[in-house]
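First comes the structure, then the notes that go with it.
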Amino acid sequence: MRVWILLLLILPVFLPGGAVASSKSHLEDFQRGDRAFNSGDFGKAEEIYNAIIAESKGRGDNATLLQALENLGAVFLCTFREDDLRRNVEQVKSLKHIVATPNPIAGSSNLLINGGFEEGLSLPWGTGHYETGNFSFGIWWNSMLCRSYAKIDTLISHSGNHSLRITNFSGGQPHVFGTTSQRIRNISPNTLYEIELWARADSLERSAVLIILDPAWHIRPLTLSEGTYDWKHFKVQVNPGDATFVDFRILLQAKGTLWLDDISFRRLGEQESPSDPMLEADLFAARGEFLKAIDGYKALEKESAGNPGRLNYVRGKLGFAYLALAEYNVAMEYFEKVRTPNNTRVLLAIGDIFLNLGQPEKALEHYLPVYKMVSQDQALLSIVADKIAMAYMRLHKLSEAVSFELEALNIMTHINDPHGRAVNYCHLGQIHLKLNQLVKAREYANASLQLSRATGDRKLEGDALQLLALLEGSESRPEKALDLLTKTVEIRTKLHDTYGLIYSLYWQGHFMRLKKDFDPALDSLKECITKLEGVRDHSASIEKGGDTLLSSNEVLYEEVIALLIQLGKSEEALEYLNRSRSDHLRKLFDQQGPRFNTPKAQEARGIVQTRKGKGPFTHQEHGRREGQAATGIPRADPQDFQGTAGACGYGEHQSEEPETQTEPAFGRYGDRGISGRGKADLCFHCNKKSSGCSDDELLANRAGQRSAGSESNCHKIPWGCQDPGAPVHGKGSQALHRPFRAYPERPGRHSDRCADSERDPPLPALSAPGNE
């Protein structure tokens, strides 16, 4: 009988009921400690917390031990005991992964785990970006010299027994903050989510507490009210953008004390509408539905007439939407209305317009000042570096292009932004294609395709597919290239991506022509020209806009003219020659005309000689002769800042024709970046023959492909700088190349060096979608 009585006394300690009893006992102990802490009696609080630590160590209760250590750390911070605090943080770091992570609540729509802190302050809190790299912190992290703490409060709560108490003694300063976050995976890109929480504040300064969602800290949907108040309800809807995960971050960046409880993050149901018209319009823009977005923004523009700040914000949004539509005249009008010296995103967007219109030098005039302005914002710095890289690629300064693109990639890798990396991979693939480094170009293209699909960016997926198509074509596989281009055209057509569709149609027609499918090739090329001229019409008010757009895309007209001559349509070939408004093509046609050994070609040459001197047809004669399509909708999100110049150096080079072709291409350019056939001895800096180049090949190179190198630098570095042992310009010695740093040097300090594959870091391993 005595044995049974003894067992009845002992069993509750080991059975679940005993755990509850033990937890209740610890709750009372924590409440006594918290009462002393909240009243400022830190000595008494330390004594109680130490007693809990000793007991929990003896029982092997790591969860209780972790909570007591965090509370003790708050005591050390409040009493300026830095050495004790440092040792405390090390204990928390070693213990946090031992404590079991709470499971999600079954059937709950809340994607946050332990949003009410009933399980204490433990993992998965603290597992955001700062836990994914070479960092190791406690659950709460203080940057630089910030004096803030986070602890569980068992005396004050909105519901249950616990809330999170955070206090900051440091005033607002750049990069001085305290934070914790929780990574939420399997987020659906461009989908609405709702954040809901309860907060209680004591002397909270303005903008002291923010909720942030993205690794770059740009998506900040909620800033808590300043002041002193009892429990207050906050709720906001947000679109996390292209993300496949969010780091739900609590950021404390100014003085005050706050209690948080009952935090939730849930996906809105299909029947739930956006709570704000601005959010709805933004969502349309993010999904590439720009016409609907514009309707929403214009309604908001009227409503905001009496609110200058909101009006400027809406007008900026309209500018981005029209930029995405390739209606550059209207976009520029809106940007000029809101342009200021410090509005970096508007300055970048104006640079994008000039880049798309074939004015990379003008684009750099906007990009480079912004690059200096945003040096403290890693994510925006990466975006600007990517844009600068694309401008340098268009200028054929490939060493500079690689340098800036690698800088952009390094930053996006550091902040773990998969969508940003997808953009950088695609652009690096384009640059390596121009360098004729096809293996590396394919590696980057495949990586970009994987991440673009994971992040739901159809526009970027089209860019990656087109890059892969050009790689297939460069390796003499036009059938595979056409299969990929068919998918690309489908994507761009569905998105109404006019600007991207121009070049997809061009390459589709180009490879159809190689397969001798002449009629569909001609249809594709004509549609390409029609859309190009539509974009030109929407650029007429911009300085040199239409002229530079056409001159930078002469190759599109050249391909149509060559095919029309091949099909015996000389009059129509002349029409497109005049529509090109290109003296260069006229001269090239005159030079190469005698080499066409067919009556059709000779007939076309005779027509040109007859009409010479009369100038191109007017816009009124030809502007919409083919029934130009209405403006389409390029790009996905106008705020993505993905480098709007597009893929593969649009319009800058053309693939060679097969050697078996009976009629040579009209004025073929023979850019190695596409043909892949290796005029390996062609000097990149002067386009003169080193050795092994035929006269025809040299004639095919355009003056515009030359770099800024002087005559004295000719033949010092082979095309693409693929020889690591090649001498540096002006140095005359071997092995002077230095590896790229993690953040490459700026042009002017390394522009005389090459961007060969030996210095291009290996592509990082990719995680499966949703596991970023």
Side-chain angles (χ1 to χ4, degrees), residues 128-135 143 175 214-218 242-245 247 344 348 364 367-368 370-393 397-432 435 437 440-441 443-448 450-452 454-455 457 460 463-464 640-643 721 737-751 753-767 772:
H129 161 61
Y130 290 105
E131 295 293 319
T132 61
N134 297 321
F135 305 103
S143 76
H175 309 296
D214 64 317
W217 295 24
H218 284 176
D242 297 302
T244 57
F245 67 87
D247 281 340
T344 56
L348 291 176
L364 284 172
Y367 294 157
L368 291 172
V370 175
Y371 182 82
K372 297 177 182 179
M373 293 166 57
V374 302
S375 59
Q376 299 302 311
D377 185 334
Q378 286 193 84
L380 191 50
L381 183 66
S382 174
I383 290 166
V384 183
D386 170 74
K387 291 178 178 294
I388 292 172
M390 290 296 94
Y392 277 126
M393 186 183 79
K397 296 182 178 181
L398 301 185
S399 177
E400 287 90 340
V402 169
S403 175
F404 274 99
E405 200 62 61
L406 287 176
E407 177 177 6
L409 175 59
N410 285 333
I411 295 173
M412 286 299 179
T413 301
H414 173 68
I415 66 175
N416 197 13
D417 186 331
H419 181 264
R421 296 205 316 272
V423 174
N424 302 144
Y425 290 154
C426 185
H427 291 168
L428 278 168
Q430 295 166 21
I431 297 169
H432 282 289
L435 286 168
Q437 296 170 355
K440 191 167 286 290
E443 186 179 333
Y444 280 123
N446 284 321
S448 178
Q450 178 182 340
L451 284 180
S452 64
T455 56
D457 189 340
L460 187 58
D463 290 346
D640 282 345
F641 295 100
Q642 291 183 31
C721 300
H737 298 289
R738 292 171 289 169
F740 281 116
R741 302 180 304 165
Y743 292 88
E745 299 167 287
R746 298 281 63 76
R749 293 166 58 189
H750 76 287
S751 59
R753 295 186 290 114
C754 298
D756 64 278
S757 59
E758 295 296 320
R759 286 180 296 282
D760 199 348
L763 188 66
L766 296 176
S767 302
E772 287 294 327

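Only heavy atoms go into these numbers, but all of them, side chains included; no hydrogens, no water, no symmetry mates.
- Of the candidates Asp457, Asp214, Thr244, Asp457 is the only one forming a side chain to side chain donor-acceptor pair (under 3.5 Å) with His419.
- In terms of modelled atom types and a separation under 3.5 Å, the side chain of Ser448 and the main chain of Ala422 share a donor-acceptor contact.
- Side-chain contact between Val402 and Leu435 is present, with at least one heavy-atom pair separated by less than 4.5 Å.
- Taking CD1 from Ile415 and CG from Asp247, the interatomic distance works out to 10.5 Å, rounded to the nearest 0.5 Å.
- Here the CE-CD1 distance, from Met390 to Ile431, works out to 4.0 Å after rounding to the nearest 0.5 Å.
- Side-chain contact between Ser452 and Tyr425 is absent, with no heavy-atom pair separated by less than 4.5 Å.
- Residues Lys440 and Leu428 fail the side-chain proximity criterion, which asks for heavy atoms closer than 4.5 Å.
- Distance check, rounded to the nearest 0.5 Å: NZ of Lys387 to CG of Leu364 gives 12.0 Å.
- Between Leu409 and His427 there is no side-chain heavy-atom pair separated by less than 4.5 Å.
- Atom CE of residue Met412 and atom CG of residue Leu381 lie 9.5 Å apart, to the nearest 0.5 angstrom.
- Tyr444 places none of its side-chain heavy atoms less than 4.5 Å from the side chain of Asn424.
- When all heavy atoms of Met393 and Ala401 are compared, the closest pair comes out as N-CB, 3.8 Å.
- Side-chain contact between Glu405 and Ile388 is absent, with no heavy atoms from C-beta onward closer than 4.5 Å.
- For Ser382 (side chain) and Gln378 (main-chain N/O), no donor-acceptor pair under 3.5 Å exists by modelled atom type.
- Nearest heavy-atom pair across Phe404 and Ala385 is CB-O, 3.5 Å.
- With sequence neighbours excluded, the residues forming a side-chain contact (heavy atoms from CB on, under 4.5 Å) with Ala445 are Leu467, Leu468, Leu471, listed by chain and number.
- With hydrogens and angles disregarded, a donor-acceptor distance shorter than 3.5 Å links the side chain of Thr455 to the backbone of Leu451.
- A side-chain donor-acceptor contact under 3.5 Å links Asp377 and His218.
- With hydrogens and angles ignored, the 3.5 Å screen pairs no side-chain donor or acceptor of Ser403 with any backbone N or O of Ser399.
- Using modelled atom types, one finds a donor on one side chain and an acceptor on the other under 3.5 Å when comparing Glu407 with Tyr371.
- Of all heavy-atom pairs between Ser143 and His175, the closest is OG-O, 2.6 Å.
- In this structure, the side chains of Leu348 and Val384 come closer than 4.5 Å at one or more pairs of heavy atoms.
- Taking 4.5 Å as the limit, some side-chain heavy atom of Arg421 sits within range of a side-chain heavy atom of Asn416.
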